[in-house]
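Below is one structure, written out as structure tokens; the observations come after it.
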Amino acid sequence: MSDAVATVSYRPRSGISAVVMLIILEGALVISWSAGFVGIRFAIDHAPIFLILLWRSLVSGLLLLPFALIMGPAIRWKDAFAQIVFGALAMSGYLAGFALAISYGVPTGLVALIADMLPLAVAILSWPVLGQVLTGRQWFGSGLGMAGVLIASGWSLNMGSVPLWAYGLPVLGTLSLAMATLLQKRSPSKSMPVYQSLCIQCLSAAAIFAVFAWYEGGVLPVLDQGFIGGILWLVFVATFGAWSLYYIALRKSSPARVTAILYLSPPVTMIWAWLMFGEPLSFAMAVGLLVSLVGIIIVARSQKPAHTGSPTANVRTQLDPPNDCCGELDSRHEVSRELVVACCDAPPILELQNMRSTRFRRL
């Protein structure tokens, strides 16, 4: 009897401990997710932007190379070429877009907010690319999200210190990542393990960045503590740290909860940049942030359920079309975010079929 009482009295304490650990995990995930934007902002004070992107991608790819060659199936050239193309769009285009914007003075938090518009970009591009017509709610949510960005950007434009065209760079980067998502849906190439696809994409992005870095002045690393520290931060915190925490969070929680938590990344980035670099905050930025997040949520919850009798149809993959189940943009959006996590921002195109789990089934 006493043993039973002791067991009952212990369970609530264990439950509270689990909740606390989950909150700590989610907090670390949001911080690591924001770390890429802040890391770029820090590193540009020590080296040219393309040199930073080159060494970030190169170090990440070289660290993954032994695993890609030794572990997993043999890599076919056809599949590798597809990953090179996806890497050029999803990693090179996306990273260059937001990193250049930060280097030209666009507020770091605003860049993070524009990057959070990925599901809106995927929804809009799915119309011309995949022929999937958007619903009225999707159009409304997309318009609301864009209006929020304009509100937040308007205050910064009044500052007069950033060229107008620089605000289009993170937009182009996000559209590049969205296009890679949709092209991956149409790609017939065979899926490969995460570490293989990420390795190929990082190395292909490094090759592209090397050309621009050479044009900027050279490809050799800067022997400066700030540069070296920035690269290590971007590789181990913003790339591998965010990637690991993301998958741990998915196992400890639900895809819907992880998605909701990651919406905290733009405000965290804004506050972080304010504390670390003295970037100004404003009421307009806060209002724009709120309006944009409402728009994203409307788009996320306006998805239509897919009807299928396949026993495996409910396993969500990043290839799910934008008109998928609603609480499962929750799952589909998770995957869109996977495109962004490995590089802070921009990880590989990958398939969740490589990590099948009942957490990705409709309940």
Side-chain angles (χ1 to χ4, degrees), residues 27-53 55-56 94-117 148-174 216 221-239 241-242 261-293 340 343-346:
L29 174 60
V30 173
I31 292 173
S32 64
W33 194 283
S34 306
F37 301 101
V38 175
I40 288 292
R41 174 61 183 83
F42 171 81
I44 60 176
D45 291 335
H46 302 275
I49 189 62
F50 283 110
L51 187 66
I52 297 167
L53 296 178
W55 283 96
R56 172 190 184 159
Y94 179 80
L95 283 176
F98 86 75
L100 281 172
I102 293 174
S103 69
Y104 279 109
V106 179
T108 309
L110 179 59
V111 173
L113 174 59
I114 295 174
D116 224 36
M117 299 293 105
V149 172
L150 291 176
I151 293 172
S153 303
W155 171 85
S156 181
L157 286 173
N158 291 333
M159 300 294 290
S161 59
V162 180
L164 181 61
W165 55 265
Y167 291 88
L169 293 173
V171 176
L172 291 176
T174 302
E216 276 187 328
V222 178
L223 299 181
D224 175 81
Q225 290 183 353
F227 175 80
I228 296 173
I231 296 300
L232 293 177
W233 174 271
L234 290 169
V235 171
F236 291 102
V237 177
T239 301
I261 289 298
L262 287 176
Y263 285 137
L264 296 175
S265 178
V268 167
T269 303
M270 289 180 182
I271 296 172
W272 197 343
W274 171 63
L275 292 172
M276 191 168 180
F277 308 112
E279 293 190 2
L281 292 175
S282 72
F283 179 73
M285 293 183 71
V287 172
L289 173 67
L290 180 61
V291 172
S292 293
L293 294 185
V340 204
C343 281
C344 92
D345 28 282

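Quick note: numbers below take in every heavy atom, side chains included, and nothing from hydrogens, waters or symmetry partners.
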Check: Phe37 ring centre within less than 6.0 Å of Trp272 ring centre: no
Please round to the nearest 0.5 Å and tell me the distance separating atom [atom1] of [X] and atom [atom2] of [Y].
X      : Y      : atom1 : atom2 : result
Thr174 : Tyr94  : OG1   : OH    : 5.5 Å
Met276 : Arg41  : CE    : CZ    : 9.0 Å
Ile44  : Phe277 : CD1   : CZ    : 8.0 Å
Ile40  : Ile49  : CD1   : CD1   : 4.5 Å
Leu290 : Met285 : CG    : CE    : 14.0 Å
Leu264 : Leu293 : CG    : CG    : 8.5 Å

Please give me the minimum heavy-atom distance between [X] and [Y], naming the atom from each residue.
X      : Y      : answer
Leu289 : Pro266 : CD1-CB, 3.6 Å
Val222 : His46  : CG1-O, 4.0 Å
Glu216 : Pro48  : OE1-CB, 3.2 Å
Gly39  : Trp233 : CA-CD1, 3.7 Å
Ser32  : Leu29  : OG-O, 2.9 Å
Leu53  : Ala96  : CD1-CA, 4.0 Å

Main-chain N/O of Val38 paired with Thr108 side-chain donor or acceptor, under 3.5 Å: no
Phe236 backbone acceptor or donor facing Thr239 side chain under 3.5 Å: no
Are the side chains of Leu110 and Tyr167 in touch, meaning some heavy atoms are under 4.5 Å apart? yes
Is there side-chain contact between Leu95 and Arg56, with heavy atoms separated by less than 4.5 Å? yes
Would the number of heavy atoms belonging to other residues, nucleotides or ligands and lying under 6.0 Å from CG of Leu275 be above 12? yes
